[in-house]
2 protein chains.
Amino acid sequence: MTGQAVTAELLAVVVAMVDGRPSVLTLGEPPRLPAGPLLPSHRSLQAATRTWVEEQTGRRLGYLEQLYTFADLDREGVGELRPISVSYLGLTTPGEEPGIGGWQDWYALLPWEDTRTDTCALDAVAPHLRHWASSERALEAERRQRVAITFGLDGHAWQPDLVLQRYELLYESGLVPESPAEWRRPTAELAPGDRMLGDHRRVLATGLARLRAKIGYRPVVFELLSPTFTLRQLQDCVEALAGRAVHTQNFRRLIEQQALVEETGEVDADTGGRPARRYRFRRQVLQERSVAGTKLPTTRSR
Amino acid sequence: MTGQAVTAELLAVVVAMVDGRPSVLTLGEPPRLPAGPLLPSHRSLQAATRTWVEEQTGRRLGYLEQLYTFADLDREGVGELRPISVSYLGLTTPGEEPGIGGWQDWYALLPWEDTRTDTCALDAVAPHLRHWASSERALEAERRQRVAITFGLDGHAWQPDLVLQRYELLYESGLVPESPAEWRRPTAELAPGDRMLGDHRRVLATGLARLRAKIGYRPVVFELLSPTFTLRQLQDCVEALAGRAVHTQNFRRLIEQQALVEETGEVDADTGGRPARRYRFRRQVLQERSVAGTKLPTTRSR
DNA sequence: TTGCCTTATGCTACATCTGAGCAAAAGGCA
DNA sequence: TGCCTTTTGCTCAGATGTAGCATAAGGCAA
């Protein structure tokens with residue numbers, strides 16, 4: 001029994017810190033993720049992804065992990081072959097060379113994911129979410145709870161790695177332009193944030209969710225930093241990824257007691273205050289213990 | 001630009017507890033995972049997986065999540081189309097109906113993953129692993145450390161969810177029959193355990209790794225239990241999955257303080273000792289808090 | 001019936017981890 | 001010199017986790 005012929009497409013969510021902001025590599029307008037079909041010459045899916053990103057953006061990738069495989073009927077196909085999209089998450093540093101394509105601030109694409117400041121991008125849509133929750137009698141209780149948990153309302157804690165769930169809820173409630181026409185609301189009621197081609201924003205959300213979850217149990221942050229850095233830069237990076245602030249002293253304690261970094265001996269005087277020591281990542285820990293990430297000291301009170 | 005035509009195949013790792021042993025649903029001899037191609041009639045990859053498992057084994061699946069997508073060149077293809085395999089992890093209960101195919105004890109397939117008893121299936125191959133580690137001068141230090149960490153030797157802690165890494169290391173060191181001929185050892189030196197068709201044992205290892213990781217942060221164990229159960233049954237199930245023993249009293253406390261279960265009022269007298277209360281899973285917690293799994297109270301001393 | 005076996009269940013002592021905050025160090029700058 | 005900044009060191013209480021003791025409640029054999 002041989003199956004339907006399909007084409008396999010690779011999609012890459014490539015993340016880097018650009019000017020202190022977590023950003024994703026995109027092409028064109030509306031922005032789209034680097035992508036390309038699997039060709040006979042490609043040894044593996046991962047190799048194919050590297051090849052396409054390099055070819056389309058002129059950048060070499062370091063860290064790369066598989067995210068998810070999509071093949072829903074509603075994805076737009078090329079010709080008659082059903083497209084299967086295998087998505088990957090890549091981490092890199094912006095580097096010197098301009099390359100092709102641009103770095104797009106991911107909080108411009110998913111503004112509600114940034115909770116570091118008090119001005120929450122959600123305030124505008126929160127009433128619409130509540131309205132959606134109560135629009136169907138039978139589902140009201142369930143929907144209310146789902147909204148509250150997913151967006152951290154009504155006393156529920158904000159959970160940073162529910163990125164995908166939040167996007168999907170906005171999609172279902174017609175608050176993003178990607179939502180199917182029958183669910184959509186007047187433009188004035190849309191959630192803020194730039195859209196991307198097709199369902200690429202959904203794939204981005206998948207990547208962001210994975211990344212946020214992963215920094216908690218694997219030392220992947222360092223893939224995004226320059227070889228040496230101050231603890232403040234490390235903290236800024238983690239905060240930017242997690243989209244929330246952490247307790248500085250406790251963060252430092254966690255990093256140090258896990259022996260994730262070692263001093264270089266240099267100091268960085270451009271801090272505006274007391275100069276900061278520079279550190280480098282102890283690559284050996286990748287071997288020493290396969291576990292241990294950058295744990296986030298959370299805040300009990302919100 | 002349109003890509004190479006490929007076929008998409010679905011592969012299912014379906015897990016259930018059968019007679020107290022975690023088992024995987026297989027077909028034929030050598031055992032193989034339920035699998036089938038993606039057809040035009042399938043709405044999604046997940047739906048296709050359900051359909052094939054049901055068609056081939058007569059069993060309906062409950063919980064189902066995507067595992068990983070494989071497309072390496074060395075996977076055997078049907079005809080000229082390159083096969084892409086999307087694997088899924090399913091959880092179920094064995095049920096009454098016989099169905100087609102059989103439940104294979106997964107520790108018969110991957111014996112070294114069971115560390116509940118003192119007789120470790122690894123003892124036999126450990127010397128061969130050390131020999132492999134020291135067989136190449138240049139890589140010796142690195143390999144030694146990798147072996148020690150992956151298999152919890154030389155003072156390193158055994159890490160339950162390194163299932164895939166362990167299989168891959170055995171594969172690379174030629175200690176499983178699936179290893180390429182040029183790496184293989186005399187049959188006498190092979191690691192114990194029944195093999196499966198092709199690379200299915202590797203896919204199984206991927207599933208087991210995911211499952212072990214997941215029981216720690218999502219309440220998925222309950223998918224494998226009957227509707228009501230005693231705390232001992234729950235603990236046995238968790239221990240069987242994790243492949244290691246836990247501290248009974250602390251396990252109970254964790255379960256209770258997380259309010260994962262509620263008493264049914266019944267008691268089970270077939271315990272051999274004091275009768276045990278029966279509990280049921282509070283399905284509501286799936287909504288209440290999206291987090292919270294079955295945390296494992298570990299043992300510091302080994 | 002009694003005593004001993006088993007497993008279930010309750011509870012305590014102790015170590016470690018975590019969240020929160022105080023305070024000193026060390027630079028720049030008015 | 002005094003005040004601003006950021007970095008760094010440290011304390012302290014509450015939460016969480018580990019380990020083990022003790023009791024409850026059944027079956028079973030002497």
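The figures here come from the full heavy-atom set of this structure, side chains too, leaving out hydrogens, waters and symmetry mates. Naming convention: chains lettered A, B, ... in sequence-line order (proteins, then strands); numbering from 1 in each chain.
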Revision key, fill the gap. The residue, E256(A) or R274(A), whose nearest nucleotide of DNA chain D is more 5′ is R274(A)
Exercise for review: Ignoring backbone atoms, establish whether R232(B) has a side-chain N or O less than 4.0 Å from OP1 or OP2 of dT7(C).
Suggested key: no
Study note, to complete from the structure: Judged by nearest nucleotide, the residue sitting upstream toward the 5' end of DNA chain C, Y279(B) or G273(B), is G273(B)
Practice item. Rounded to the nearest angstrom, tell me the gap between atom CD in Q235(B) and atom P in dA8(C). Key: 9 Å
Practice item. Please evaluate the base of dT18(D) for a donor-acceptor partner in the side chain of R253(B) within a cut-off of under 3.5 Å? Key: yes
Exercise for review: Starting from C1' on dT8(D), measure out to CZ on R278(A) and report it in whole angstrom.
Suggested key: 17 Å
Check your understanding: Should the pair R280(B)-E262(B) be classified as a salt bridge under the 4.0 Å nitrogen-to-oxygen rule?
Key -> yes
Review point. Rounding to a whole Å, what distance do you find between Q249(A):CD and dT11(D):P?
Key: 14 Å
Point to revise | Length of the line joining Q257(B):CD and dT9(C):P, which is rounded to integer Å | key: 17 Å
Practice item. Figure out the CZ/P separation between R252(A) and dC10(D), and round it to whole Å. Key: 12 Å
Check your understanding: When you check the gap from the basic side-chain N to the acidic O, do E65(B) and K214(B) get nearer than 4.0 Å?
Key -> yes
Exercise for review: Would you kindly give the CG-to-P distance between L234(B) and dT9(C), to the nearest whole Å?
Suggested key: 12 Å
Review point. NA contact type, A276(B), heavy-atom cut-off 4.0 Å: base, sugar-phosphate, or nothing?
Key: sugar-phosphate
Review point. Judged by atom type as modelled, is there a donor-acceptor pair below 3.5 Å linking the side chain of R210(A) to the main-chain atoms of Q66(A)?
Key: yes
Practice item. May I ask you to decide whether D154(A) forms a salt bridge with R130(A), counting only side-chain N to carboxylate O separations under 4.0 Å? Key: yes
Review point. Are E113(A) and R212(A) close enough for a salt bridge, meaning some N to O gap below 4.0 Å?
Key: yes
Exercise for review: Nearest whole angstrom, please: distance from the P of dT16(C) to the CG of L254(A).
Suggested key: 17 Å
Review point. What is the distance from CZ of F251(A) to C1' of dA20(C), rounded to the nearest Å?
Key: 17 Å
Review point. Does the base of dG19(C) carry an N or O that pairs as donor and acceptor with the side chain of N250(A) under 3.5 Å?
Key: yes
